[in-house]
Amino acid sequence: MGFKKGFFWGGATAANQYEGGYISGGKGLSIQDVITGGDGRNGVPRRMFLKLADGTTTVIDRRGTEVPEGAVPYVDENTYYPSHVATDFYHHFKEDIALFAEMGFTSFRMSINWTRIFPNGDDEQPNEEGLQFYDDVFDEMLKYGIEPQITIIHFDMPLNLAVKYGGWVNRKVMDFYMNYVETIFQRYKNKVKYWKTFNEINFCRDYTNLGITEALSRPDKVEQAVWHLLVAAAKTVIRGHEINPDFMIGMMINENEYYAEDCNPEAAWKRIIDKRAREFYVDVQCKGYYPEWKLVELKKKGIEIVKEEGDDEILAKGTVDYIGFSYYSTSVSSVRKDAQRTASNLESAVKNPYLKANDWGWQIDPMGLRLILNELWCRYHLPLWIVENGLGAIDVVEEDGSIHDPYRIDYLREHIKAMKAAVDEDGVDLMGYMPWGCIDVVSAGTGEMRKRYGFIYVDMDDDGNGDLHRGRKDSFYWYQKDCKSNGEDLD
Ligand code: BGP
């Protein structure tokens, strides 16, 4: 059997981690442009410089500390910001797309930078230069028969919308977002068929993604903003289908299997609770309503969502065409307070003694992918698309420029085998596989460059040094065989 004809093989990236050109071509500042790099393995966090309401300035840990009310993030002249150049897709897109074609990609996932289209988010007119840039990019992909797969928002929002309007807690931001969506749908309706709304929507609960201050101390603000995101996602699906009925519009979640630590019934229950943090978003976007447990939770916390008339109907009508998800590692549901923890994707996990981990502590678990595929398929019966997966690792460039990365090949081979089993033996409907950072990009979690996922190497280090030249790693040739044999040749 194997993968179906037309199965998409490709790779995934995001504008804020790949594109660069942060103020080129009329682009405005995104929140990502005011976040510094960090050092994940040595615990140095990514930071933000802030001007406070009383006129003083401060620097905060992007994730551990909340942005206080009235604070304005700014670019510190003496500090390096990885999104500003990133790995410079902006100036290298033709070369990069040619390399993707050489590997045999049939699809490529990228995001549009909202601030390249609307530099301040609330502009009356879009920025033509920004629109033209993506036209050129999509034309280049289509030239090689590569199907664009577009994430509308990937951990991104215009800084101005956070500072001036308070971010997604303010309903006006939804209107600005819909204006952006309308603009890109109309412009690219004949070039792009596959869309996704919010990247890893389950992680969109902080200042970076929602633009809301006091995100840690004000769960009511967060829940209101999340409501706006979910209504906006549903409106996107509805409007997209009106503009072009052929559009396939999906959601995007970070998936992470949880194992009950043992047969203690309390651990089994803890697993249900742990899984809800993700299931909530999939339920709403696939079924069209908030699950009962969530309504109970909000009530208990005394949080009342402010809705507008018609919102519930929008949620019910705007359910998605497919489920896109990222998958990197798994965790354990434990009721022990002293359970040993390790790092994971934008959160921490409980250690699993059966699994090995990468240099950043993320546990490697191909079987977890088969479990997730089965769970999602059986629960929702919607086509699935793995839109991120991969191994972040340190690569060594040999004197002759070659890069030997058997660790990456092993990781990908085992995960492809697991998804093959899910398709062949379990009957899961899978649309495609898009390994993360198919070309080296900045790490989202740590802001590092040395945490690399790519088949294609980019000469750039953690401090912004490098000439940005591209190189083929061993995994490039391995993945090329995989793409061209539709997943049959995995040697
Ligand atoms: C996901 C994000 C990506 C990506 C990936 C790897 O959470 O959607 O943007 O970066 O994880 O994470 P990291 O870059 O932290 O290694």
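Both counts, for ligands and for their atoms, begin at 1 and track the order of listing. We count residues from 1, following the sequence as given. All heavy atoms count here, side chains included; hydrogens, waters and symmetry mates do not.
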Hey, is Asn345 one of the residues with a heavy atom under 4.0 angstrom from ligand 1?
yes
Can a side-chain donor-acceptor contact be found between Glu261 and Ser334 if the only test is distance below 3.5 angstrom?
yes
Taking the six-membered ring for Trp, is the centroid-to-centroid distance between Tyr328 and Trp436 below 6.0 Å?
no
Can you name the atoms of ligand 1, numbered from 1 with element, that are less than 4.0 Å from a heavy atom of Asn199?
8 (O)
Does any N or O atom in Met252 lie less than 3.5 angstrom from one in ligand 1, N or O only?
no
Between ligand 1 and Trp362, is the shortest N or O to N or O distance under 3.5 Å?
no
Six-ring centre of Trp362, Lys451 cation under 6.0 angstrom, axis tolerance 45°:
yes
On a heavy-atom basis, the closest approach of Ile456 and Phe100 is CD1-CE2, 3.8 Å
Checking a contact table here: which protein heavy atom is nearest atom 14 (O) of ligand 1, and how many Å away?
Ala444 N, 2.7 Å
Starting from atom 13 (P) of ligand 1, which protein heavy atom do you reach first, and at what distance in Å?
Ser443 OG, 3.5 Å
Please name the pair of heavy atoms, one in Val67 and one in Ile60, separated by the smallest distance, quoted to 0.1 Å.
CG2-CD1, 3.8 Å
Phe203, any N or O under 3.5 Å of ligand 1 N or O
no
At a non-hydrogen distance cut-off of under 4.0 Å, which region of Trp360 contacts ligand 1 (side chain, backbone, both, or neither)?
neither
With heavy atoms of Gly445 as the reference, note each atom of ligand 1 found under 4.0 Å away.
13 (P), 14 (O), 15 (O)
Think Arg187 forms a cation-pi with Tyr134, using NZ or CZ under 6.0 Å from the six-ring centre and within 45 degrees of its axis?
no
Look at atom 6 (C) of ligand 1 and say which protein heavy atom is nearest, naming residue and atom and giving the distance to 0.1 Å.
Tyr453 OH, 3.4 Å
Heavy-atom nearest neighbour in the protein, as seen from atom 4 (C) of ligand 1, with distance rounded to 0.1 Å
Trp436 CE2, 3.3 Å
Considering non-hydrogen atoms only, spot the tightest contact between Leu161 and Asn120 and give its length.
CD2-O, 3.7 Å
Can you tell me the protein heavy atom closest to atom 7 (O) of ligand 1 and the distance?
Glu200 OE1, 2.4 Å
Side-chain donor-acceptor contact under 3.5 Å, Lys356 with Gln363
no
Looking at Phe280, I'd like to know if the NZ or CZ of Lys294 sits under 6.0 Å from its six-membered ring centre while staying within 45 degrees of the ring's axis.
yes
Restricting to heavy atoms, the pick from Gln17, Glu388, Lys451 nearest atom 8 (O) of ligand 1 would be Glu388
Considering only non-hydrogen protein atoms, determine which one is nearest to atom 5 (C) of ligand 1 and report residue, atom name and distance to 0.1 Å.
Tyr328 OH, 3.2 Å
